[in-house]
Amino acid sequence: MPQATPCPSCGLHHQCVCHLVPHFEAPVHIALLMHENELKRDTNTGKWLLQAIPSSSQHVWQRRSPCPELIKLIKNDRYQVYLVYPTDNSVSLNTVKQEADNTGKIPLLIILDGTWQEAGKMLRKSEWLSDLPCVHLEPSEQSDYQLRRNQQQGHLCTLEVGSEIIKELGLNEQAQALNTFFHHYMRVFKADKSGHALK
């Protein structure tokens, strides 16, 4: 039996999910700094975050030079810039919200989109990233991501990070919509890899 033609957007062969992605505005700009390996991975979830939130952007990390478009955003006075990465000096998202209220600036949150090992490498090899203040999340639940092996406890996939950001910003309904899509997508993805639509 011939294989179904994959959807050019979601890449699934047997059951497209593109029409199910929620769309909403958020008081933040989320910039995904993507490791080049993620461009080739069908398990990447950052693409759904980009589709869901108009105030988001994708940038590809290069070891030798920073992405010009991301640097332009960082230098834009409209934004208060943070790297989403837990460190000893990282602040909570609530602190970011308070600073945004005080300054009138839009939070620009940079997410390192790659495996945990790749994210660490991106940070170590990019001095311009290490100079940025960091923000950490305070998720109430463990990751449910099941599409890659060797997931370490406490690490969230990119879509879960985005959903947690939205939740901590107070957009609970929108965060729930993202989570609902996320869990449905994982079931559809597994069925697709098994050669059929979700039953």
Side-chain angles (χ1 to χ4, degrees), residues 1-23 29-74 83-85 108-130 132 137 143-165 178-179 181-198:
M1 182 176 179
Q3 190 177 37
T5 302
C7 168
S9 182
C10 68
L12 298 174
H13 290 79
H14 302 281
Q15 187 175 354
C16 174
V17 296
C18 295
H19 62 290
L20 299 175
V21 183
H23 300 278
H29 186 108
I30 295 177
L32 296 188
L33 184 55
M34 183 178 288
H35 192 281
E36 58 185 0
N37 289 345
E38 284 295 325
L39 298 171
K40 299 173 286 188
R41 291 176 177 140
D42 57 4
T43 53
N44 176 269
T45 62
K47 60 188 176 185
W48 301 118
L49 197 58
L50 294 168
Q51 288 191 36
I53 305 175
S55 56
S56 61
S57 55
Q58 176 182 311
H59 313 272
V60 179
W61 178 77
Q62 298 288 339
R63 185 173 66 85
R64 296 183 182 278
S65 59
C67 172
E69 290 302 315
L70 182 54
I71 293 298
K72 190 181 299 184
L73 285 173
I74 290 173
L83 179 66
V84 182
Y85 200 88
L108 170 62
L109 304 181
I110 301 173
I111 299 174
L112 302 179
D113 190 14
T115 66
W116 191 252
Q117 292 80 7
E118 288 168 348
K121 176 183 177 182
M122 292 160 72
L123 186 55
R124 288 193 307 272
K125 294 185 176 296
S126 302
E127 187 174 338
W128 62 278
L129 280 177
S130 61
L132 298 176
L137 304 178
S143 173
D144 284 331
Y145 187 53
Q146 302 163 9
L147 303 185
R148 291 183 189 172
R149 297 178 180 178
N150 303 321
Q151 280 292 110
Q152 296 187 37
Q153 189 171 6
H155 295 173
L156 305 178
C157 75
T158 301
L159 185 56
E160 288 175 313
V161 169
S163 178
E164 187 62 33
I165 288 172
L178 269 183
N179 278 325
F181 169 79
F182 171 59
H183 287 93
H184 179 71
Y185 168 67
M186 282 196 297
R187 294 192 297 270
V188 172
F189 184 94
K190 290 178 181 179
D192 197 77
K193 289 300 180 183
S194 297
H196 58 79
L198 181 65

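Values below: all heavy atoms of this structure, side chains included; hydrogens, waters and symmetry mates excluded.
- The salt bridge (Lys or Arg N to Asp or Glu O under 4.0 Å) test applied to Lys193 returns Asp42, not counting sequence neighbours.
- The distance from atom CG of Leu137 to atom CD1 of Ile111, rounded to the nearest 0.5 Å, is 8.0 Å.
- Rounding to the nearest 0.5 angstrom, the gap separating the CD1 atom in Ile110 from the CG atom in Leu132 is 5.0 Å.
- Taking the side chain as every heavy atom from C-beta outward, Phe189 and Val17 never approach each other to under 4.5 Å.
- Rounded to the nearest 0.5 Å, atoms NE2 (His13) and NE2 (His196) are 14.0 Å apart.
- Rounding to the nearest 0.5 angstrom, the gap separating the CG atom in Leu159 from the CG atom in Leu50 is 10.0 Å.
- Nearest heavy-atom pair across His29 and Ser57 is NE2-OG, 2.8 Å.
- Among Leu32, Val161, Val84, the one residue that satisfies the side-chain contact (heavy atoms from CB on, under 4.5 Å) test with Leu109 is Val84.
- Side chain of His23 to backbone of Val21: a donor-acceptor contact under 3.5 angstrom is found.
- For the pair Ser9 and Gln51, the tightest heavy-atom approach, listed with the atom from each and the gap, is OG-NE2, 3.6 Å.
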* Asked: Between Ile74 and Trp128, is a side-chain contact (heavy atoms from CB on, under 4.5 Å) present by the stated rule, with each step listed?
  -> CA-CA 10 Å; Ile74 290 173; Trp128 62 278; 3.8 Å; yes
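- Here the straight-line distance linking atom CG of Leu33 with atom CD of Gln62 works out to 9.5 Å at 0.5 Å rounding.
- In this structure, Arg41 and Thr115 have side chains that are in contact, with non-hydrogen atoms separated by less than 4.5 Å.
- For the pair Glu160 (side chain) and Cys157 (backbone), a donor-acceptor distance under 3.5 Å is present.
- Across every non-hydrogen atom of Leu178 and Ser163, the tightest pair is CD1-CA, 3.9 Å.
- Taking CG from Leu129 and CZ from Arg124, the interatomic distance works out to 12.5 Å, rounded to the nearest 0.5 Å.
- Applying the side-chain contact (heavy atoms from CB on, under 4.5 Å) rule to Arg63 yields the partners Trp61, Lys125; only residues at least two apart in sequence or on another chain are considered.
- Partners of Trp48 according to the ring pair (Phe, Tyr, Trp, His ring centres under 6.0 Å) rule, which considers only residues two or more places apart in sequence or in another chain, are Phe181, Tyr185.
- Between Gly114 and His35, the closest heavy-atom pair is CA-CB, 4.5 Å.
- Contact detail for Pro54 and Ala52: the closest heavy-atom pair is CD-O, 3.6 Å.
- Scanning both residues, Pro6 and Gly11, for their nearest heavy atoms gives CB-O, 3.6 Å.
- By the salt bridge (Lys or Arg N to Asp or Glu O under 4.0 Å) test, Glu69 pairs with Lys72, sequence neighbours left out.
- Residues Leu123 and Leu83 form a side-chain contact, since some pair of their non-hydrogen atoms from C-beta on lies under 4.5 Å apart.
- Qualifying side-chain contact (heavy atoms from CB on, under 4.5 Å) partners for Leu39, counting only residues two or more places apart in sequence or in other chains: Met34, Gln58, Val60.
- Between the side chain of Gln15 and the main chain of Leu198, a donor-acceptor pair closer than 3.5 Å is present.
- By the ring pair (Phe, Tyr, Trp, His ring centres under 6.0 Å) test, His59 is found to be paired with no residue, residues two or more places apart in sequence or in another chain being considered.
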